[in-house]
2 protein chains.
Amino acid sequence: MGWMKKRTARQIDYQALAGFRYEIRRYLRFGQQAARAAGIDAQQYQALLAIKGLPRSEKATVGALAEQMQIEHHSAVELSGRLERHGWIRRARSRADRREVLLHLTPRGERLLENLSLLHRRELRSAGPRLIEALGAAIHRRIVVAD
Amino acid sequence: MGWMKKRTARQIDYQALAGFRYEIRRYLRFGQQAARAAGIDAQQYQALLAIKGLPRSEKATVGALAEQMQIEHHSAVELSGRLERHGWIRRARSRADRREVLLHLTPRGERLLENLSLLHRRELRSAGPRLIEALGAAIHRRIVVAD
DNA sequence: TCCCATTATATCGTATTACGATATATATGC
DNA sequence: GCATATATATCGTAATACGATATAATGGGA
């Protein structure tokens, strides 16, 4: 049987895997364009969302932002610098632990986040089923969306 | 009722939206690290997958790559240039339409793609349910994964 | 109490890359 | 055949994540 490819190999459904990534990219692309139209960078919108959407139990520090955004600590420093320069967040040294810097949205940041989030939720409702179907195909699982 | 916020506004579940984006970032991050460990850029792996996973009906041209990757045509030119320089794909002028350039994987590219795709499928199987649950929460739908 | 390891944030130079503007080649419709 | 559309290519620019490194604050044990 030396002529056979490895068993696992021939079982890979490249079309399905590619399809799933494609759907993700489409969603991310939508986000980029919506953000740009609103005058903000896509990643910066996501950062606002990450800060606002943090569980109550977690403090919105620079480190928490880094973890949420899956970037390095110092990249989060720069990111929050950009957010503050645009007037969407404010930084404040924590009193409890003076190493920490707490981030919170300004009213302007809140408004922007709200508007964009509405668009995102709408897009997700329409793109969600396609995403889910593509994911199901990629892992060979049947997935059902109820309401 | 002027004191009320807009109805839609208060209904936004920021935690759920943020959670979904977080799960996506985690998955993308996994891909970046897996790719890096395999000696390839995450985006370049995705490009290989996009080329290989194209429906039979579509030709693997530079333009098709651009659409699959959701980038501009000239960015796809540069991307395929990088892929070729690394020896993972080859370009060939199309005979049918000499404007087009057809892309196909080299054996080396195929091997790399196969190895990484196996990892990705495995990760998707484990991360998929979390992703789906987060998506469901974001759009307020109950979703069931069967087998 | 003092020291040192740890944690949190910050700065700077570098490398990568997507993009806009632009160019060239080929195909197609009238 | 010629104008227009399509496909790929080139180049300069801007943005940004990262590694290396620095500073500040905390906390635990001798």
Side-chain angles (χ1 to χ4, degrees), chain A residues 25-26 28-33 35-37 39-48 50-51 54 58-86 88-104, chain B residues 25-26 28-33 35-37 39-48 50-51 54 58-86 88-104:
Chain A
R25 283 191 294 265
R26 294 264 298 182
L28 296 180
R29 183 75 165 174
F30 158 82
Q32 283 177 340
Q33 288 173 341
R36 165 184 258 191
I40 188 177
D41 210 85
Q43 206 214 10
Q44 295 177 21
Y45 157 69
Q46 282 177 56
L48 293 182
I51 294 170
L54 219 55
E58 285 185 57
K59 287 172 297 181
T61 63
V62 171
L65 179 61
E67 155 62 16
Q68 288 297 312
M69 298 296 291
Q70 293 282 295
I71 57 182
E72 298 298 317
H73 295 155
H74 50 267
S75 301
V77 171
E78 298 170 312
L79 176 54
S80 49
R82 274 171 257 148
L83 290 173
E84 187 172 45
R85 231 177 297 125
H86 280 104
W88 292 315
I89 71 166
R90 289 279 257 285
R91 296 150 123 146
R93 228 5 114 170
S94 164
R95 298 190 188 213
D97 184 336
R98 295 183 45 71
R99 291 171 302 181
E100 296 178 331
V101 169
L102 300 174
L103 313 174
H104 66 272
Chain B
R25 283 192 293 266
R26 295 263 298 182
L28 297 180
R29 182 75 165 175
F30 159 82
Q32 283 177 341
Q33 288 173 340
R36 165 183 259 192
I40 188 177
D41 210 86
Q43 207 214 8
Q44 295 177 21
Y45 157 69
Q46 283 177 56
L48 293 183
I51 293 170
L54 219 54
E58 285 185 57
K59 288 173 297 183
T61 63
V62 171
L65 179 61
E67 155 63 17
Q68 288 298 311
M69 297 297 291
Q70 294 280 297
I71 56 181
E72 299 298 318
H73 296 153
H74 48 268
S75 300
V77 170
E78 298 170 312
L79 176 54
S80 48
R82 273 171 258 147
L83 290 174
E84 189 173 44
R85 230 178 299 124
H86 281 103
W88 293 314
I89 71 165
R90 288 281 255 285
R91 296 151 123 147
R93 226 9 113 169
S94 163
R95 300 192 187 211
D97 183 336
R98 295 183 45 72
R99 289 171 303 182
E100 296 177 333
V101 170
L102 300 174
L103 313 174
H104 66 272

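This is a predicted model, so every value here is computed, not measured.
Atom pair Ile40(B):CD1 and dT16(C):C1' shows a separation of 15 Å (rounding to whole Å applied). Distance CG (Leu79(A)) to C1' (dA10(C)): 14 Å, rounded to an integer number of Å. Between the CZ atom of Arg85(B) and the C1' atom of dT17(C) there is a distance of 12 Å, rounded to whole Å. The nearest whole Å value for the distance from the NE2 atom in His73(A) to the P atom in dT21(D) is 19 Å. Rounded to whole Å, the distance from CD on Gln33(B) to P on dA17(D) is 16 Å. When the C1' atom of dC19(C) is taken as reference, atom CD of Gln32(A) falls 12 Å away, rounded to whole Å. Atom-to-atom, CZ of Arg36(B) to P of dT16(C) comes out at 12 Å; the value is rounded to the nearest Å. Between Glu72(A) atom CD and dT21(D) atom P the separation is 16 Å, expressed in whole Å.
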Contacts under 3.5 Å, N or O only, protein and nucleotides 25-27 of chain D:
{"residue": "dT26(D)", "atom": "OP1", "partner": "Arg98(A)", "partner atom": "N", "Å": "3.1"}

Could you write out each protein N or O paired with an N or O of nucleotides 11-13 of chain C at a distance under 3.5 Å?
{"residue": "dC12(C)", "atom": "N4", "partner": "Glu78(A)", "partner atom": "OE2", "Å": "3.2"}

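Listed by chain and number, the residues in a ring pair (Phe, Tyr, Trp, His ring centres under 6.0 Å) with His86(A) are Trp88(A) (sequence neighbours excluded). Residues passing the salt bridge (Lys or Arg N to Asp or Glu O under 4.0 Å) test with Arg91(B) are Glu84(B), sequence neighbours excluded. Among residues two or more places apart in sequence or in another chain, the salt bridge (Lys or Arg N to Asp or Glu O under 4.0 Å) test is passed with Asp41(A) by none. Under the rule for a salt bridge (Lys or Arg N to Asp or Glu O under 4.0 Å), Arg26(B) has no partner lying at least two apart in sequence or in another chain. Here Gln44(B) pairs with nothing under the side chain to side chain donor-acceptor pair (under 3.5 Å) rule; sequence neighbours left out. With sequence neighbours excluded, no residue satisfies ring pair (Phe, Tyr, Trp, His ring centres under 6.0 Å) with His104(A). In this structure, the side chain to side chain donor-acceptor pair (under 3.5 Å) partners of Arg99(B), at least two apart in sequence or on a different chain, are Asp97(B). Not a single salt bridge (Lys or Arg N to Asp or Glu O under 4.0 Å) links Arg98(B) to another residue, sequence neighbours left out.
For DNA chain C, the residues of residues 58-71 of chain A within the heavy-atom distance limit of 4.0 Å (strictly under) are Thr61(A), Val62(A), Gly63(A), sorted by number.
Atom CG of residue Leu83(A) and atom CG of residue Leu103(A) lie 8.0 Å apart, to the nearest 0.5 angstrom.
Phosphate contact (OP1/OP2 of dA17(D), side-chain N/O of Arg82(A), threshold under 4.0 Å): present. Distances shorter than 4.0 Å separate some side-chain N or O of Gln43(A) from OP1 or OP2 on dA17(D).
Each of Asp41(A) and Val101(B) was assigned the nucleotide of DNA chain D with the nearest heavy atom; the assignment lying further toward the 5' end belongs to Val101(B).
Within the structure, side-chain hydrogen bond (donor to acceptor under 3.5 Å, both in side chains) contacts touching residues 63-72 of chain A (residues at least two apart or in different chains) are Glu67(A)-Tyr22(B), Glu72(A)-Arg29(B).
Here the shortest heavy-atom pairing between Val77(A) and Ser80(A) reads O-OG, 2.9 Å.
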